[in-house]
Amino acid sequence: MSTELLFRDDAYAKIASARVVAVDERGIELDRTIFYPVGGGQQGDAGTLLRANGERIAIVDTRKGDTMDSVRHIAAPATPLPEPGETVALELDWTRRYALMRLHTALHVMSCVVVAPVTGGNIAPDKARLDFDIDMSLLDAAKIERETNALIARGVETQTVWITDEELDARPELVKTMSVQPPRGGGRVRLLRIPGIDLQPCGGTHVHNIAEIGAIRVLRIRSEGRRNRRVEIALVG
Ligand SMILES: [Zn+2]
């Protein structure tokens, strides 16, 4: 059973209603969702499912299901679970998600300041990181911070574009992240374009305008192995 992924077309959807299609110890599946399941380095969403009887089901994590586009909403332990067929109101923990969106988009910008293959990455609500295959001496925290913030200050609108698998195969230079395969499905691939700055395959959630990021600071840079130089950032305010 696949879930309609509402966040894919509207990352700003904070509430929605959906029908419960399956419930088991591995999670709650809905016919549609605004909850992003962990993937591409971005943490899964949290929030609440509100039942018609007024009961609130706290969702502490969201993960991919067994089939393509299926999503499992993980309820807090010892929470009453809904019944299949029931309609629930979805409420996203928007403060958390918006921080993830701002940091995620900031990594796209930073990946154009540090020009090197990306070997890993992670986005949490309080900090995010990219790992690069690069010589340590080429990473200067003050310079990365200054140049990333200068690009953010351009305040350009982000765009989602779709291309076919064949188009992506013909343009391998688009794939910067060696550790994460592009989000393929149904013969097409989703790209995030930040005009004049970045274009790469990504299935995550992003802000509409990079000005929403505000500014970033580099928390630290350290070596995590020969091909992993880790640059960790946080939002300023
Ligand atoms: Zn992205």
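Quick note: residue numbers are just sequence positions, from 1. Both ligands and their constituent atoms are indexed starting at 1 by order of listing. What you see is a predicted model; the values in this text were computed from it and never measured.
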Quick note, ring-ring contact (aromatic ring centres under 6.0 Å, His included) partners involving residues 116-137, not counting sequence neighbours, are none
side-chain contact (heavy atoms from CB on, under 4.5 Å) with Leu139: which of Arg222, Arg230, Arg229?
-> Arg229
What orientation do His104 and His206 show, parallel under 30°, tilted 30 to 60°, or perpendicular over 60°?
-> perpendicular
Mind running side-chain hydrogen bond (donor to acceptor under 3.5 Å, both in side chains) on Ser70 and Glu29 for me, showing each step along the way?
-> CA-CA 7 Å; Ser70 78; Glu29 283 191 42; 4.6 Å; no
The expected count of protein N/O/S atoms at less than 2.8 Å from the Zn ion (ligand 1) is 4
Whether Arg190 side chain and Gly204 backbone form a donor-acceptor pair below 3.5 Å = yes
Should the heavy atoms of other residues, nucleotides or ligands under 6.0 Å from NZ of Lys14 be counted, would the total exceed 12?
-> yes
